[in-house]
Every structure is written in structure tokens, then in C-alpha cells.
Amino acid sequence: MKTDYKGYLIDLDGTMYKGKSEIPEAKEFIRELQLRNIPFMFVTNNSSRTPGATAEKLKQFGIEAESHQVMTASLATAIHIHDEKPNATAYVIGEVGLTEALKEKRRAGC
């Protein structure tokens with residue numbers, strides 16, 4: 001692997017796994033990034049899972065991942081709302097990924 005990149009934002013479905021199927025090269029790619037100390041973050045537009053649940057799914061495929069390495073659409077939404085209007089309230093209609101991201105951002109107050 002030759003690279004001049006300083007870091008990677010890595011999509012998940014179709015890149016690290018395909019639905020419930022493993023992509024063998026994905027595990028090798030992440031190991032290589034770790035060996036070279038190249039920073040990376042997993043990104044997904046899937047809003048149904050929390051970052052923790054997404055990290056657990058990656059681990060099921062043998063890919064080392066922690067929740068702080070996962071940015072979901074729900075988490076991005078929570079960050080955006082907080083940055084634009086820190087004390088905003090909302091009636092949320094969505095799955096656990098969205099509701100938990102908004103609750104966590106509110107609790108953290110950051």
C-alpha cells in the first residue's frame with residue numbers, strides 16, 4: 001500500500017461489508033492503516049444504529065473498531081443541531097440511532 005493520504009474517511013456498506021457478508025480485503029486494509037498509524041474514521045448515512053452498535057457490527061467481521069471512530073448521519077445531525085442552537089428541543093421521529101445521538105449530545109452539553 002503506497003499512500004500519501006494523511007487520513008481516511010471510510011464508508012461502510014459496500015466498502016467494509018456488504019449487508020451481512022464480509023469483504024475480506026476490508027479487514028486487511030484497516031490492519032494496514034493501524035500498522036502505519038494512519039488515522040481513519042468510519043462514516044455512514046445509516047441512521048438506525050448508534051456508533052457503538054456500528055462498531056460492534058464491524059467487530060463481527062473481524063474489523064477493529066471503537067464507537068469514537070464511527071460517525072453516523074444521526075450523530076452528525078445531533079452535532080449540527082447543537083452547534084446551531086444549543087438549547088433546541090425537538091419532537092424526534094426516528095430509530096434508536098437518532099434518538100440516542102440526540103439524547104447523548106444533550107447530556108454531554110457539548
_Exercise: identify the closest heavy-atom pair between Thr44 and Asn46_ = OG1-N, 3.0 Å
_Other residues, nucleotides and ligands only: do more than 12 of their heavy atoms fall within 6.0 Å of NZ on Lys18?_
no
_Please report the interatomic distance NZ(Lys57) to OH(Tyr17), rounded to the nearest 0.5 Å._
4.5 Å
*Any side-chain heavy-atom pair of Ile38 and Tyr5 under 4.5 Å*: no
*Nearest 0.5 Å please: distance from the CD1 atom of Ile30 over to the CG atom of Leu58.*
8.0 Å
*Could you give the distance from CD (Glu104) to NE2 (His82), rounded to the nearest 0.5 Å?*
12.0 Å
*asked:* Please report the interatomic distance CD(Glu64) to CG(Leu33), rounded to the nearest 0.5 Å.
replied: 12.0 Å
*Verify same cluster id: Val70, Ile63 (apolar side-chain graph, 4.5 Å)*: yes
*Mind listing the closest non-hydrogen atom pair of Met71 and Ile79 along with its distance?*
CE-CD1, 3.9 Å
*Before giving the answer on side-chain contact (heavy atoms from CB on, under 4.5 Å), spell out for Thr15 and Ile10 the whole-Å C-alpha distance, their side-chain angles and the decisive distance to 0.1 Å.*
CA-CA 8 Å; Thr15 305; Ile10 304 167; 4.1 Å; yes
*Nearest atoms (heavy-atom pairs only) where Thr50 meets Thr72*: C-CG2, 4.5 Å
*Spacing of Gln34 atom CD and Phe40 atom CZ [to the nearest 0.5 Å]*: 4.5 Å
*In the single-linkage hydrophobic clustering (I, L, V, M, F, W, Y; side-chain heavy atoms under 4.5 Å), do Leu12 and Ile23 co-cluster?*
no
*Under 4.5 Å between any side-chain heavy atoms of Leu75 and Pro51, yes or no?*
yes
_If you compare all heavy atoms of Ala55 against all heavy atoms of Glu66, which two are closest, and at what distance to 0.1 Å?_
CB-C, 3.7 Å
*Nearest heavy-atom pair of Lys105 and Ala78: which atoms, and what distance?*
CG-O, 3.8 Å
*Roughly how far apart are Glu100 CD and Glu95 CD, rounded to 0.5 Å?*
12.5 Å
*Can any side-chain N or O of Asn45 pair as donor or acceptor with the backbone N or O of Ala73 at less than 3.5 Å?*
no
*For residues Thr99 and Val92, report the shortest heavy-atom separation together with the two atoms involved.*
CG2-CG1, 3.8 Å
*Is NZ or CZ of Lys27 both nearer than 6.0 Å to the six-membered ring centre of Phe61 and within 45° of the ring axis?*
no
*Between Glu28 and Arg31, is the closest basic N to carboxylate O distance under 4.0 Å?*
no
_Heavy-atom donor-acceptor pair, Ser74 side chain to Leu98 backbone, under 3.5 Å_ = yes
